[in-house]
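Read the numbers this way: they start at 1 and go in the same order the structure lists the ligands and their atoms.
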Amino acid sequence: MLEYGKKVWKDGEISDWQSGGNLSLLTHTLHYGVGAFEGIRAYQRARGETAIFRLREHIDRLFDSCHLVLMKPVVTREQVVQGCVDVLRENKMAQAYLRPIALIADGAMGVYAPKNPVATYIAAWKWGTYLGPEALEKGIRCMVSSFSRHHINVAFAKGKLVGQYINSVMAKQEAKLAGFDEAILTDVHGYVSEGSGENIFIVKGGKLITPPLAASILAGITRDTVMTLAREEGLVVTEQFITRDELHLADEVFLTGTAAEITPVREINHRAIGSGQMGPITRALQTRYFDVVKGTDDSHPEWLTRV
Ligand SMILES: Cc1ncc(COP(=O)(O)O)c(C=O)c1O
């Protein structure tokens with residue numbers, strides 16, 4: 001059972017879950033899928049304080065997503081940033097997953113409903129490891145999905161948009177029902193895009209490779225964090241298209257995401273990746289990442305919003 005904060009935020013006001021979270025059955029987003037959301041983690045750091053990781057970048061992406069689909073929240077970015085802090089404080093949560101979501105409310109019920117109000121909510125819940133307790137150490141087993149990521153002219157890959165997630169849900173269901181942990185999707189040309197809710201990196205010959213933003217992927221904030229940390233560690237990182245055979249022949253593969261953090265991949269479609277265990281570069285980056293988000297590494301204060 002989800003352990004969620006009983007206080008939610010709506011357009012600048014805190015209320016309890018029942019009154020604040022109750023949505024009309026005729027909420028436009030519920031029917032047509034036009035809505036934007038974010039997933040953000042707040043960690044309790046090693047010295048006891050709570051910090052939200054890269055909050056401003058997540059809220060900027062939320063507003064970018066809204067911009068793509070012509071939604072205009074009635075609140076400002078600064079209000080949503082403050083709302084995330086307030087939700088944690090009001091719920092007395094030292095660590096949580098935060099879910100800001102901008103919805104088109106009820107009003108007109110046709111597909112074209114430009115005058116319906118846009119409501120922005122923030123909820124919080126406790127979320128442990130996204131892919132299971134052993135995933136971060138032992139790695140996961142993935143399948144290359146039979147579903148492709150949306151063609152760039154079919155959907156907005158750079159938007160974290162509600163309806164687009166049918167594609168992720170289908171791919172994840174397929175992978176789980178086939179006995180795997182996660183799906184890896186290719187784009188319509190067959191190049192590797194990303195996981196159902198994560199970006200992907202491969203390691204080959206000591207270098208890090210990840211698909212470019214043009215490969216129909218979300219511009220992951222963890223992806224950007226990993227690229228920054230890797231370069232600080234002296235690693236070469238390139239953004240280039242990756243083929244399926246390159247995936248199988250990689251020395252290491254890992255997935256990145258706010259929820260999934262840095263999760264090693266140990267097998268793809270029954271082919272072991274490298275030694276079949278977490279590789280040394282993945283381990284070094286995972287260790288550094290956890291030290292930055294929740295440890296004692298204060299080298300990036302601009303990424304932390306103290307609560
Ligand atoms: C489809 C998809 N790709 C990648 C990511 C990783 O993005 P981030 O690192 O910003 O959480 C997510 C998670 O938000 C996602 O849903």
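The part of Arg61 lying near ligand 1 is the side chain, judged by heavy-atom distances below 4.0 Å.
In this structure, Ser193 contributes its side chain and Ala215 its backbone to a donor-acceptor pair below 3.5 Å.
Proximity to Tyr165 (heavy-atom distance under 4.0 Å) selects the following atoms of ligand 1: 1 (C), 2 (C), 15 (C), 16 (O). Annotation for ligand 1: atoms under 4.0 Å from non-hydrogen atoms of Gly220 are 7 (O), 8 (P), 9 (O), 10 (O). Below 4.0 Å from some heavy atom of Gly257 lie the following atoms of ligand 1, by number and element: 6 (C), 9 (O), 11 (O). Interface atoms of ligand 1 facing Glu194, defined by a heavy-atom separation under 4.0 Å, are 1 (C), 2 (C), 3 (N), 4 (C).
At least one heavy atom of Ser196 sits less than 4.0 Å from an atom of ligand 1. Residue contacts with ligand 1 do not include Glu38, since none of its heavy atoms lies under 4.0 Å from the ligand. The closest approach between a heavy atom of Arg149 and any atom of ligand 1 is below 4.0 Å.
Taking NE2 of His31 as the start and CG of Leu25 as the end, the distance is 5.0 Å to the nearest 0.5 Å. If you take CG on Asn199 and OG1 on Thr225, they are separated by 10.5 Å, rounding to the nearest 0.5 Å. Taking CD of Gln173 as the reference point, atom CD1 of Ile166 lies at 10.5 Å (rounded to 0.5 Å).
For the residue pair Ser24 / Asp106, a side-chain donor-acceptor distance below 3.5 Å is found, with atom types taken as modelled. Between Arg99 and Tyr97, the side chains place a donor N or O and an acceptor N or O closer than 3.5 Å (distance only, hydrogens not considered).
A pairwise comparison of heavy atoms in Ala259 and Tyr130 identifies O-CB, 3.3 Å as the closest pair.
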inquiry  = ring-ring contact (aromatic ring centres under 6.0 Å, His included), that's the test. Do His270 and Phe180 meet it? Break it down for me.
reply    = CA-CA 10 Å; His270 311 287; Phe180 296 91; 5.3 Å; yes

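The heavy atom nearest to atom 8 (P) of ligand 1, out of those in Leu255, Asn167, Asp224, Ile221, is found in Ile221.
Nearest to atom 11 (O) of ligand 1 among the protein's heavy atoms is Thr258 OG1, 2.6 Å. Remark: minimum distance from atom 14 (O) of ligand 1 to any protein heavy atom is reached at Lys160 NZ, 2.8 Å. The protein heavy atom nearest to atom 12 (C) of ligand 1 is Gly197 O, 3.2 Å.
Of the N or O atoms in His58, none lie within a sub-3.5 Å distance of an N or O in ligand 1. For ligand 1, the polar-atom distance check finds an N/O of Thr222 within less than 3.5 Å of one of the ligand's N/O atoms.
For the pair Lys158 and Phe156, the cation does not sit on the ring face, since its NZ or CZ is not both under 6.0 Å from the ring centre and inside 45° of the axis.
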